[in-house]
Colleague: 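I have a structure I would like to understand better, so I am pasting it below and will then ask my questions one at a time.
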Amino acid sequence: MADKDRLIIFDTTLRDGEQSPGASMTRDEKVRIARALEKMRVDVIEAGFPIASPGDFDAVRAVAETVTDSTVCGLARALDKDIDRAGEALKPARSARIHTFIATSPIHMKMKLRMAPEQVIEQAVHAVKRARRYTDDVEFSPEDAGRSEPDFLCRILEAVIDAGATTLNIPDTVGYNVPEQFGALIGELIERIPNADKAVFSVHCHNDLGLAVANSLSAVMNGARQVECTINGLGERAGNAALEEVVMAVRTRQDIFPCDTRLDTTQIVKASRLVSNITGFPVQPNKAIVGANAFAHESGIHQDGVLKSRETYEIMRAEDVGWSANRMVMGKHSGRNAFRTRMRELGVEFASEEELNEAFARFKELADKKHEIYDEDLQALVTEVSTETENERVKLVALRVCSETGEKPHASLTLNIDGEERQAEAIGGGPVDAAFRAIDEIVDCEAELLLYSVNNITSGTDSQGEVTVRLEKGGRIVNGQGSDTDIVIASAKAYINAINRMASADQRAHPQNADV
Ligand code: KIV
Ligand code: ZN
């Protein structure tokens, strides 16, 4: 990379990624993901939107306290109260960035902000100056830049650079742009803005037309030196540019890109699994880089070619992005120290001996049912512990389900609610339905079930089933997760987890909402 520029990777999984309906994360989950991003050597981690809720503030602060090798960023509208809140949340960070934004497209300025263009410039300049009171590292985004007038973008961007912005991020907020035109826009801005050399140009592309990665790469070819992206392409609506695709495209095509990232790409698959596990958003098998089939050769001709010389059909090496064969890491006889060490290697640090003991007890329980324990099993186990310990009003004590040909499945269960045991029975269309109905008999949280999905964590019939349940009530969407070698029990755990999360107080506001 000696004679190449650095391409800065700005990960917004914890902020824009969290805006995917149902992808909300707890503070501890955000810290776990932030650690994985830091280990991957991501340059900037956007940890959240501190003004959005006390929970988001706490999460940004916790990430700022934990991460030392990456810059930690907080989002703020171009408003004093947002910027002050972000500055406060980022105080413990070794390296902090404030990212402030205001809309610049004619439709957003007229219909949403109801402000004249001159007022928008004034507010942006004021916001950047205020953010500079907290840190020298200030990023400015003209929201909906992809539909803004280039002349106006040149004016506002020149003004915010003079005010102290060090990164200018050009978002295609609604995913409207196409590669050639978006790349040309970036090239034009860099050429026309007189003080462009005093800031790094960045892009933030949404995937509404499936073009987020292509648009980002086109921008890089035209001078952008920061890309905003998310693990697995998570994000608002159709998502953001997928980090793993941007990074591997640039790394694989060093023959054409004038820059490279400093990422440790071998951490990619691990981070992808962690995010999928925590958010409950499965990765499609044919997803580039991190899908289960991304390196699988099915056709005989391909297999033959790869066996003779892998370059015949492979442009990247699976191990370079962190794929390795399922490795049996632990078993029934593994001790507490081995467990703690392996967990540390997976990026999991236990906050207390009590937390370690609880996770270890669950590991032993699992090892009794399942002979070989893989990394994926361990990650699922930690997700379950971290989601349960925070908010456990309702706990599963016992569940018995009878399922027989020709008979309606019947479930009887015991729950512990705020320390008091309650029992219920129900029949249902299937064993999972019967179990959910029995839970509803005791705690009907009146939410609508939006999604129920089961995935096997590893292969084989003794694999744990990992269940995601998504509930919606009054516009609030939450995900619950559960895992067990018995998928009916995993389902009941996931449903109870979602019910507990629905009852939690933290309500996040959307960054584009003006009424926080
Ligand atoms: O998509 C967008 O415009 C954003 C901004 C806050 C950068 O997420
Ligand atoms: Zn966005």
Side-chain angles (χ1 to χ4, degrees), residues 22 277 280-282 285 292 332 361-374 376-377 380-381 383-385 387-388 392-473 477-503:
N277 200 254
F281 280 47
K332 200 171 166 153
R362 282 171 190 254
F363 161 73
K364 283 287 179 186
E365 239 173 69
L366 180 61
D368 270 341
K369 294 190 235 165
K370 192 173 184 288
H371 202 54
E372 299 167 323
I373 311 272
Y374 298 100
E376 295 85 338
D377 292 310
L381 192 132
T383 300
E384 203 169 279
V385 173
T387 49
E388 277 187 15
E392 261 189 306
R393 277 202 60 223
V394 184
K395 288 182 202 157
L396 178 67
V397 178
L399 171 63
R400 183 165 180 272
V401 181
C402 295
S403 190
E404 199 179 334
T405 30
E407 296 293 328
K408 279 214 170 238
H410 172 269
S412 50
L413 99 163
T414 308
L415 297 182
N416 181 313
I417 301 184
D418 293 330
E420 190 192 323
E421 289 207 350
R422 310 253 312 262
Q423 290 178 334
E425 297 190 16
I427 53 170
V432 173
D433 188 41
F436 281 25
R437 283 170 191 268
I439 293 168
D440 286 342
E441 287 286 314
I442 304 175
V443 265
D444 190 2
C445 78
E446 291 166 2
E448 189 189 340
L449 180 73
L450 295 186
L451 174 113
Y452 167 77
S453 85
V454 191
N455 284 299
N456 50 335
I457 293 181
T458 53
S459 54
T461 49
D462 72 339
S463 164
Q464 289 195 86
E466 184 178 46
V467 177
T468 301
V469 167
R470 188 171 300 152
L471 299 179
E472 195 259 351
K473 185 177 170 183
I477 299 175
V478 295
N479 272 335
Q481 272 102 35
S483 49
D484 201 282
T485 47
D486 180 323
I487 58 165
V488 183
I489 294 176
S491 303
K493 284 182 181 173
Y495 190 36
I496 291 167
N497 183 228
I499 290 171
N500 279 326
R501 285 183 156 204
M502 189 56 93

Colleague: Are side-chain heavy atoms of E466 and N277 found at a separation under 4.5 Å?
Modeller: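 The answer is yes, as the side chains (C-beta and beyond) meet within the 4.5 Å cut-off.
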Colleague: Say you draw a straight line from NE2 of H410 to CZ of R400; how long is it, rounded to the nearest 0.5 Å?
Modeller: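 Atom-to-atom, H410:NE2 and R400:CZ are 8.5 Å apart.
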Colleague: For Y495, give me all partners under ring-ring contact (aromatic ring centres under 6.0 Å, His included), at least two apart in sequence or on another chain.
Modeller: F436
Colleague: Measure the NZ-SG distance between K473 and C445 for me, rounded to the nearest 0.5 Å.
Modeller: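 Taking NZ in K473 and SG in C445, the distance rounds to 5.5 Å.
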Colleague: Identify the two heavy atoms, one from G428 and one from A434, that lie closest to each other, and give their separation to 0.1 Å.
Modeller: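 Heavy atoms of G428 and A434 come nearest at N-CB, 3.6 Å.
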Colleague: Do L396 and L415 touch side chain to side chain, with heavy atoms closer than 4.5 Å?
Modeller: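 Heavy-atom side-chain distance check passes, below 4.5 Å.
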Colleague: If you compare all heavy atoms of A494 against all heavy atoms of V467, which two are closest, and at what distance to 0.1 Å?
Modeller: CB-O, 3.5 Å
Colleague: Output the distance between atom CZ (R470) and atom CD (Q481), rounded to the nearest 0.5 Å.
Modeller: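 Rounded to the nearest 0.5 Å, the CZ-CD separation comes to 9.5 Å.
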Colleague: Could you check if a side-chain atom of I477 sits within less than 4.5 angstrom of a side-chain atom of L471, using non-hydrogen atoms only?
Modeller: no
Colleague: Mind checking the OG-NZ spacing from S483 to K493? Nearest 0.5 Å is all I need.
Modeller: 6.0 Å
Colleague: Would T485 and D462 count as a side chain to side chain contact (heavy atoms under 4.5 Å, CB included) here? Give the steps.
Modeller: CA-CA 6 Å; T485 47; D462 72 339; 5.7 Å; no
Colleague: Quick one, I442 with V394, criterion side chain to side chain contact (heavy atoms under 4.5 Å, CB included). Give me CA distance, side-chain angles, the key distance, then yes/no.
Modeller: CA-CA 10 Å; I442 304 175; V394 184; over 6 Å; no
Colleague: Report the residues that fulfil salt bridge (Lys or Arg N to Asp or Glu O under 4.0 Å) with R437, sequence neighbours left out, ordered by chain and then residue number.
Modeller: D433
Colleague: Out of I499, D418, N416, I496, which one pairs with R393 under the side chain to side chain contact (heavy atoms under 4.5 Å, CB included) rule?
Modeller: D418
Colleague: If you look at every heavy atom in A411 and V401, which pair is closest and at what distance?
Modeller: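 Scanning both residues, the minimum pair turns out to be CB-CG2, 4.0 Å.
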Colleague: Could you check whether atom NZ of K408 has more than 12 heavy atoms from other residues, nucleotides or ligands sitting under 6.0 Å from it?
Modeller: no
Colleague: Taking only residues two or more places apart in sequence or in another chain, which ones pass salt bridge (Lys or Arg N to Asp or Glu O under 4.0 Å) with K332?
Modeller: D368
Colleague: Using a 4.5 Å cut-off on heavy atoms from C-beta on, say whether the side chain of Y374 contacts that of Q464.
Modeller: no
Colleague: Considering only heavy atoms from C-beta outward, does the side chain of L381 approach that of I373 to under 4.5 Å?
Modeller: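 Sidechains of I373 and L381: no contact.
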Colleague: Hey, is D484 close enough to K369 for a salt bridge, meaning N to O under 4.0 Å?
Modeller: yes
